[in-house]
Amino acid sequence: MPGPYRRPLRAALFRRRPKPAQQGKQDNNKDKQGQPGGGNSHTAPYPSLEEYRLTAELKLNLEQLQTIFARCSDVIRRDFYLGQAIKVALIYIDGLADKKLIEDTLVRTLQQAPEELARSLAERTRDLTAVMEMVMPMTDVAVVDNMGSLVKHVLNGDTVLILNGFNKGLALSTRAWEHRAVEEPITESVVRGPRESFIESLRTNTTLIRRRLKTPSLKMETVCLGRYTMTNIVLTYIEDLADPAVVREVRRRLESIQIDGVLESAYIEELIEDNPDSPFPQIDHTERPDKVAAALLEGRVGILIDGTPFALIVPTVFVQFIQASEDYYERYYLSSFLRLARFVALNIALLLPAVYVAVTTFHQEMLPTNLLVKVASQREGIPFPALVEALMLELTFELLREAGVRLPRPVGQALSIVGALVIGEAAVSASLVSPAMVIVVAMTGISSFATPSYSMAITLRLLRFIMLILAGTFGFYGIMLGLLAILVHLNTLRSFGVPYLAPVAPWNFSDFKDVLVRVPRWAMNSRPSQIGYRDPVRQGAGLKPKPPASSNPAPERGKS
Amino acid sequence: MGEKGRISLWQFFLLVTGFLIGTSTLIIPVGPAKQDAWISFLLAGTLGLGAAYCYTALGRRFPRESPLQYASRVLGRWPGTCFNIIFLWYALHLAALVLRNVVDLYKLIVLPQTPVEVVAGVFAGLAAYAVRLGIEAPARLGELLTPFIIVAILVLTALAVSVPGLVHWEALFPVMERGPLPVLRGVYPTFVYPFGETVFFLVLLPFLTEPRKSFAPFARAVIIVTLLTTLVLVRNLIVLGASETARMNYPSLIAIQMINIGVFLQRLEPVIIFVWSFTILLKLIVVYYTFTLGTAQLLGLRDYRPLVLPAGVLLTFLSLSLYDNFSQMLTFAGRVYPFYFLPAYLIYPVTLLLVAKIRKIKG
């Protein structure tokens, strides 16, 4: 065993993974330059915590732990005798572990353990399994034999029991900490549909999914990321449906992350997406468990991150950003109509100010005469070109929105009143902006709120400014060029191997049932072909309900 | 040659369709056939099927190679290289012509005061971006845009026909007023342009997922475009009349401009300009890609991407110096081009096919 525990160097915490071939090269170089002590010195200045094994001497173990948890006032250590014969110690963190359970059940049961057992433990005629078999009141118990896993268990809210005379400890799952109750989703509320939302506690979130998918095929793999945050990340998928290549790829990308901390799903999103330079979001996120369950049923993979109510869904395609979970809960006519409306809104949010600027600056002849006269008379006396006017108003709108998001609610209301009055009334009556422009900007704002995905809406917000400038310099030509450039770019994107614009390009007609229209449930017979191809059949054929041939019972023959 | 993409038959079909619609609905030379131009076009489309058969026969013979690669094997090193250089020149020239088409369109109709260099440069830059991304991105772009283009053309035509008082069916009559000869004389130019230009798809055929089945989508595209363009021609004829159609720069544009339904549904020409821009972009990308990839193959380069930017600059300036004005272009397109283009669309593929057959060379 290495000597007493010391804090490792900070540099060592972030050391690169050793690459054997390159290391040899570096060593050679170092030797050539005559630097002493090259070699392995940078890889392991101190042994890692895992290399400190527990000893049979309780006192020694506790001393080590004392050093490790020095100045951690929330760590609680409690020594007592198991069955009045053998000295044991409990270590847990106040607030992370269920104190009531430990005090009422655990300590009492252990103290009142049969003396005979304690004595045989002290004489080493029985080992730890006897403790588990005979007195342990908990079910989720793991055996730890080194400081590394011991510390990890304690930090995760477990209680670790060390017995004098044994070089192993027992980690008892007592995780229970304060967290928010499951509430209604804030960003994705629905009129009809489940009202549960993920919360910051990972275990609750996995439960919410497990409760919807009661099958052993639902797999939940855990990856621990973040050197300091030790954030648990759960990779969840349905084994029979998800593409194993995608699962493998997600796992590989997650495991290759080396980072100090993961505080939100966006950290992971930015580190695993396919095209990090694209302005478009390539990974969908949601706080609705039913949406994750639906995605898993299509063969996608979910990523849940501890400490955030947002789960990631991969692979993601573009159309997911105009789909809302309520589409599947309302009648399909309405859902399809809303899809189309959202698609229009998406285009308005991107293009309307640009089109307005292009028309008023370059292509006045395009307007019907009456409309042209109206617009021209409104623009009479406006001291700015349409482009500047549009940029000004758009910017004001963005500022108002940003201020409204950050301000506390009561102040926010005042702000929106001021904003509406200043922009809507004063600016127009001072003829700084034309009323038509106010309408255009308001329409754009409303349309960008109508996009179900916030991340897609903010992408469009940014692109809108680019389109605006293009329209102000090249008119419709600029708009067309911008659109084509965006389309070409979208065509190059992939999300975990799935083309971003699927099923439109590459074309797949059967997948169109869930793009611009949502076909009725009884017609949704197959999974998306790019994602759920392993088991394409989703439901039985001929599910369309039919009423009985006649509501009146058929006359029985032969009776009169 | 640095190209690992594959395009499906469906993508190929839509790419050929977009390519053929390309400029053909924009500038349709009415030629000597006058009001019978649509008959000429139908016949030209039939010839186009023959061209498609010839090109795909070459593609079937050499399923995983482009003509730039097998030409020197078929014809011998020096003759093959000469053929290839000539072929590439036509690709460059056609790319420049296509780019010039869009520049002219914007110069004459949309942005009269913007310098042409800017319009050409920006459009070529967009095409260069797409070409750099490899064949898959343009193929998917075609998949995305071509259905929209077809629908837009059909809707616009339906609208034009449904405007009361706009349509004069009698403009189509009398059919074959001066006998069949003028009609036949109109066939050849409309065959070369656009159907002969599909020869450049020879370079794309090896990237199909199933190169041996390329004829069916090719033929389908030719048939659809023949019908669509005939429809557009007939629309222009019945809306504008034969002499007007022949005289106008952009007869389709004028025909669309005349749509006026309920005072509100009018001024629809931006739609058709968008449609043309899309199709011209598709066509430009295909020819531009052919040129860069072909050059890389001719020179034995490992990657065609370094050539994209220089080729873009080259074709931008070439496009601006091709001719001085629009009527020169019309003369060139109507009288010179069909014969000037002969080596590329006819001699090159047919010689390759025949020699390969005689010498029994296969891919």
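Every chain is numbered from 1, with letters handed out A, B, ... down the list of sequences.
A 6.0 Å sphere centred on CZ of Phe512(A) holds more than 12 heavy atoms belonging to other residues, nucleotides or ligands. The environment of Phe326(B) atom CZ is dense: over 12 non-hydrogen atoms of other residues, nucleotides or ligands sit within 6.0 angstrom. Heavy atoms of other residues, nucleotides or ligands lying less than 6.0 angstrom from CG of Leu309(B) number 12 at most.
Between the OG1 atom of Thr492(A) and the CZ atom of Arg132(B) there is a distance of 12.5 Å, given to the nearest 0.5 Å. Atom CH2 of Trp507(A) sits about 7.5 Å away from atom CG of Leu14(B), to the nearest 0.5 Å. Summarising the geometry, atom CZ belonging to Phe123(B) is positioned 12.5 Å from atom CZ belonging to Phe474(A); distances are rounded to the nearest 0.5 Å. Distance check, rounded to the nearest 0.5 Å: NZ of Lys107(B) to OH of Tyr477(A) gives 12.5 Å. Atom NE2 of His363(A) and atom CG of Leu111(B) lie 6.0 Å apart (nearest 0.5 Å). Rounding to the nearest 0.5 Å gives a distance of 9.0 Å between CG of Leu133(B) and CG of Asn491(A).
Across Phe278(B), Tyr129(B), Tyr106(B), the residue that shares the most heavy-atom pairs under 4.5 angstrom with chain A is Tyr106(B). For the set Leu487(A), Leu484(A), Thr473(A), the count of heavy-atom pairs under 4.5 angstrom toward chain B peaks at Leu484(A). Looking only at heavy-atom pairs under 4.5 Å with chain A, the residue among Val102(B), Thr114(B), Leu144(B) that has the most is Leu144(B).
Listed in order of number, the residues of residues 212-222 of chain B that approach chain A to under 4.5 Å between heavy atoms amount to none. Within residues 279-292 of chain B, the residues having any heavy atom under 4.5 Å from a heavy atom of chain A are, by residue number, Leu281(B).
Using a 4.5 Å cut-off between heavy atoms, Leu490(A) does not touch chain B at all. Using a 4.5 Å cut-off between heavy atoms, Leu371(A) makes no contact with chain B at all.
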